[in-house]
Enquirer: 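Before we start, here is the structure in question, set down as structure tokens.
For the numbers below, each heavy atom of this structure counts, side chains included, while hydrogens, waters and symmetry mates do not.
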Amino acid sequence: MAPFVAPFCAPFIAGLLTAPLVKRIVKPIARGTVKTSVGLVYDAKQASLKARDEVKDAATQAARDKDSRELAASGNTDEAGPDGARAHGPSGKH
């Protein structure tokens, strides 16, 4: 005849016996998952920062190109050039 074990004791005893094994298996898996997640978040952040810088540079260049086209189209050469020197008007006089 089997010894009497209360119904709530069997899962408790099974948990006590399997806990060390589960700890050895689950802990490295959980640690690897967290490291991978942190690495992915870091890489995504770096990629977004790089993309933001590239878009910012492209927008700045587009604005410069637009300004230079408008300046050339208006024929106004009294504006300061890229080096800060002012060009003379179409007549060449000061």
Side-chain angles (χ1 to χ4, degrees):
M1 183 169 217
F4 175 75
V5 178
F8 62 87
C9 289
F12 178 74
I13 292 171
L16 284 177
L17 296 176
T18 59
L21 178 65
V22 169
K23 183 179 177 183
R24 271 190 233 140
I25 293 172
V26 173
K27 189 174 181 179
I29 292 172
R31 181 175 288 154
T33 302
V34 169
K35 284 184 177 182
T36 301
S37 299
V38 169
L40 287 174
V41 168
Y42 179 77
D43 290 343
K45 185 176 181 179
Q46 293 300 316
S48 68
L49 289 173
K50 183 178 178 182
R52 183 182 69 183
D53 289 342
E54 289 176 4
V55 168
K56 196 179 203 182
D57 291 343
T60 302
Q61 184 64 37
R64 280 189 205 134
D65 291 346
K66 179 183 174 210
D67 290 344
S68 65
R69 280 193 307 267
E70 288 175 354
L71 184 62
S74 70
N76 186 357
T77 57
D78 287 339
E79 296 290 326
D83 60 352
R86 295 206 178 260
H88 299 293
S91 63
K93 295 181 183 176
H94 292 191

Enquirer: Is there a continuous path of hydrophobic side-chain contacts, each under 4.5 Å between heavy atoms, that joins Val26 to Val34?
Expert: no

Enquirer: Work out which heavy atom in Pro28 is nearest to a heavy atom in Ile25; give both atom names and the distance.
Expert: CD-O, 3.5 Å

Enquirer: Can you tell me how far OG1 of Thr60 sits from CG of Asp65, rounded to the nearest 0.5 angstrom?
Expert: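 Result: 11.0 Å between the selected atoms.
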
Enquirer: Using the side-chain contact (heavy atoms from CB on, under 4.5 Å) rule, pick out the option among Val38, Thr33, Leu40 that qualifies with Thr36.
Expert: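 Answer to the side-chain contact (heavy atoms from CB on, under 4.5 Å) test with Thr36 among Val38, Thr33, Leu40: Leu40.
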
Enquirer: Under the side chain to side chain contact (heavy atoms under 4.5 Å, CB included) rule, what do Asp67 and Leu71 come out as? Steps first, then yes or no, please.
Expert: CA-CA 6 Å; Asp67 290 344; Leu71 184 62; over 6 Å; no

Enquirer: Taking atom types as modelled, is there a side-chain donor on Gln61 or Asp57 under 3.5 Å from an acceptor on the other?
Expert: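 Not at all, the side chains of Gln61 and Asp57 share no donor-acceptor pair under 3.5 Å.
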
